[in-house]
Amino acid sequence: MEGVDHLADERNKAEFDVEEMKIVWAGSRHAFQVSNRISRLVANDPIFEKSKRAVMSRKELFKNTLKKSAHAWKMINELRLSDEESIRFRSFMDQPGFVDLHWGMFVPAIKGQGTEEQQQKWLPLANNMQIIGCYAQTELGHGSHVQGLETTATFDPQTDQFIIHSPTQTSSKWWPGGLGKVSTHAVVYARLITNGKDHGVHGFIVQLRSLDDHSPLPGITVGDIGMKFGNGAYNSMDNGFLKFDHFRIPRDQMLMRLSKVTREGKYVASDVPRQLVYGTMVFVRQSIVSNASNALSRAVCIATRYSAVRRQFASQNGGTETQVIDYKTQQNRLFPLLASAYAFRFVGEWLKWLYTDVTQRLEASDFATLPEAHACTAGLKSMTTSATADGIEECRKLCGGHGYLWCSGLPELFAVYVPACTYEGDNVVLQLQVARFLMKTVSQLGSGKAPAGTTEYMGRAQHLLKCRSSVKKAEDWLNPGMVLEAFEARALRMAVSCANNLSKFENQEQGFSELLADLVEAAIAHCQLIVVSKFIAKIEGEIKGKGVKNQLKNLCYIYALHLLHKHLGDFLSTDSVTPEQASLASHQLRSLYSQLRPNAVALVDAFNYTDHYLGSVLGRYDGNVYPKLFEEALKDPLNDSVVPDGYHEYIRPLIKQHIRSARL
């Protein structure tokens, strides 16, 4: 029935103030107000309608993206939106496109690696979108191994130019978003060569297309790499390829904040520390963690609402069928994902603080916390994106067969999100960077140098290596100190075990190679500890309302105890908990599920997502699922006619055929 809230009974069960939780989720009252206003502005604009994406051809989808992007830019300017509001506007538009890379990678690269003079020249053009840029680093043959890039930038002192060249097929740039059909410029990463010497990979601002007719400039071969996974999804983005044939650019288009080439061709490192480039990396990765929370919360919102609407199997006395969300198996799969969405939200908030802190320290030439910040953001990017990709797929399964429909919103959400496990660093490679940092930290434990930041717990190694968990009853697992100690002991003992095994190898690199799998697990344990500790810090800190605080506590301990259950082998093998304590944790986890159950729908309502942004029939706010599923089915082009095209050519001859007996 239209206008009826089929989830009203669920919402009436809530034991907390949903409006207060919306502010906690947004981060502040101001952030909530901005998000609330911008999301509804986008939802009410017919230009941003998106229900037909699945049946559009690639060309139609791409042109639709151009139309939306141009309209968004017009709206942003007419409404004089701030940078924060503009970012939200593009996010709620919910269609991957060239602007994502322009604002997310091209502009930050110039800000981070360009001199003041270069920024004054290029940023006004980019900020007014008089030029459109992308970030051309990844090549056909090299992704994670940046130092293996093959594109060259050879300085020609006679003309005061760099010659950009793709010497092999595998040196072709491959994947940059916005490159295929839109970008006029790119920050291109290439091997800098002066006087025959290779100085490694550096960035260059390169014009790719004419600003008059958009045609590629002579010496440039550029295009789209083709269809990608899923219908609609990331196919709205023109991921491209790019080949250079001795293409020349002026010397001053090398990004020269960190190093430069003089008119005579001399390579000179600047006074600005190279570590500054890590500031941009921290910014990008904290953005990715925040996006993980957004994507996972969308999937969880859909699965939770639909689980409350859907009923299957009556009780033995033949009464009303049971809501799917009331089955413990459903809760055991769904509620940890709901908890993870909140956990990732809060660790993302903390990473924003970390970025501000790192930036201030860098400006004061204080690099002490940089290695830890780099390892932390690398690990959290890896852990949260992997968990989110898996979580979205689990939410699809939680919705049964209907979750496989495009109109559920989940297949496209998965297809759009899953590349995050690869871009900005392959997730396994990133965890190995964390592992190297952890091995170095362990090796310095006896040196008197105290570990700081997220590794501070390692400074208590003597205690953590010997301690035994003091959990004696199930309720003890709601004690933040006991939970943290178990996670700290597990993480430290796994790291120390890896370090001890490494020490048995004469060649450390060979040992590292042999122990890769163990090192990744140790890095994951460290990252999970970070998330648990930041969640606990959140609920022990600024949360005021009792009802909201109680719900966040439940979510926090569901997150922690589910991880303990999932990685029980680690906790038991390191003697961080006993089998009896693990059993108590499972008992407490079931109790927490029961406490969370009446609040589940209200907790996803606190995400404050419009139906437009969710893009899901199953996740509709009003729960009016079944009539809307029929409406969506009837919109499909196959239902434009009762008798399908091809009936007379193929189906009728088949069913009217005269079967003749073959003669032997």
Side-chain angles (χ1 to χ4, degrees), residues 1 4-16 18 21 296-342 391-405 408-410 474 477-478 547-548 550-562 565-566 585-607 609 614 616-629:
M1 293 173 61
V4 174
D5 184 355
H6 295 266
L7 291 169
D9 288 344
E10 287 293 324
R11 295 186 169 105
N12 289 333
K13 296 175 185 176
E15 300 164 336
F16 67 98
V18 178
M21 188 69 88
L296 183 56
S297 60
R298 287 174 71 177
V300 167
C301 184
I302 294 166
T304 300
R305 286 176 178 169
Y306 181 62
S307 294
V309 169
R310 183 76 166 175
R311 292 178 178 272
Q312 290 290 287
F313 303 108
S315 58
Q316 290 184 346
N317 59 17
T320 306
E321 286 188 290
T322 303
Q323 288 172 279
V324 170
I325 199 171
D326 284 330
Y327 288 106
K328 293 297 180 181
T329 48
Q330 192 82 350
Q331 294 175 11
N332 188 51
R333 295 162 66 195
L334 177 60
F335 290 172
L337 296 176
L338 175 55
S340 297
Y342 275 90
I392 295 169
E393 170 61 6
E394 187 67 12
C395 285
R396 183 192 67 77
K397 295 174 186 174
L398 284 163
C399 292
H402 296 337
Y404 193 64
L405 286 167
S408 77
L410 293 165
W477 281 117
L478 302 181
V548 166
N550 286 340
Q551 295 311 311
L552 291 178
K553 280 185 176 180
N554 288 345
L555 289 166
C556 177
Y557 293 115
I558 284 173
Y559 179 74
L561 297 182
H562 180 74
H565 177 76
K566 184 177 179 182
S586 296
H587 177 79
Q588 185 58 57
L589 194 55
R590 288 192 295 273
S591 174
L592 287 168
Y593 291 159
S594 296
Q595 294 174 54
L596 189 72
R597 165 63 188 93
N599 299 284
V601 168
L603 283 166
V604 299
D605 285 350
F607 301 150
Y609 293 146
L614 273 185
S616 170
V617 170
L618 303 187
R620 291 173 56 89
Y621 182 84
D622 64 8
N624 190 27
V625 170
Y626 298 124
K628 295 299 178 182
L629 279 174

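All values reported here derive from a predicted model rather than from experimental measurement.
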Heavy-atom closest pair, residues Pro336 and Ile558:
CA-CG2, 3.9 Å

Distance check, rounded to the nearest 0.5 Å: Ile302 atom CD1 versus Leu398 atom CG?
12.0 Å

Does Lys328 NZ have over 12 foreign heavy atoms under 6.0 Å away?
yes

With a 4.5 Å limit on heavy-atom distance, are the side chains of Met21 and Phe16 in contact?
yes

Polar side-chain atom of Gln330 near backbone of Ile325 as donor-acceptor pair, under 3.5 Å
no

Would a 4.5 Å heavy-atom cut-off, applied to side chains only, mark Thr304 and Leu603 as touching?
no

Looking at side-chain heavy atoms only, is the closest gap between Val625 and Tyr306 below 4.5 Å?
yes

Please check: side-chain N/O of Asn554 versus main-chain N/O of Leu592, any donor-acceptor pairing under 3.5 Å?
no

Sequence neighbours left out, what passes side chain to side chain contact (heavy atoms under 4.5 Å, CB included) with Cys301? Give chain and number order.
Arg305, Val604, Phe607, Leu614

Is any side-chain heavy atom of Cys395 closer than 4.5 Å to one of Val300?
yes

Member of Arg310, Arg597, Arg311 meeting the salt bridge (charged side-chain N to carboxylate O under 4.0 Å, His left out) criterion with Asp326:
Arg597

Between Asp605 and Tyr621, is there a side-chain heavy-atom distance shorter than 4.5 Å?
yes

Whether the side chain of Thr322 engages the backbone of Gln312 through a donor-acceptor N/O pair (distance < 3.5 Å, no angle test) should be reported.
no

Leu618 side, atom CG; Lys628 side, atom NZ - distance, nearest 0.5 Å:
13.5 Å

Can you tell if the side chain of Asn550 reaches within under 4.5 Å of the side chain of Glu15, non-hydrogen atoms only?
no

Would you mind reporting whether Asn332 and Tyr327 have side-chain heavy atoms less than 4.5 Å apart?
no

Reported NE2-to-CG distance for the pair His587 and Leu561, which is rounded to 0.5 angstrom
12.0 Å

Got a second to check how far His562's NE2 is from Ser586's OG, nearest 0.5 Å?
11.0 Å

Looking only at atom types and distance, does a side-chain atom of Ser408 sit under 3.5 Å from a main-chain N or O of Gly403, one as donor and one as acceptor?
yes

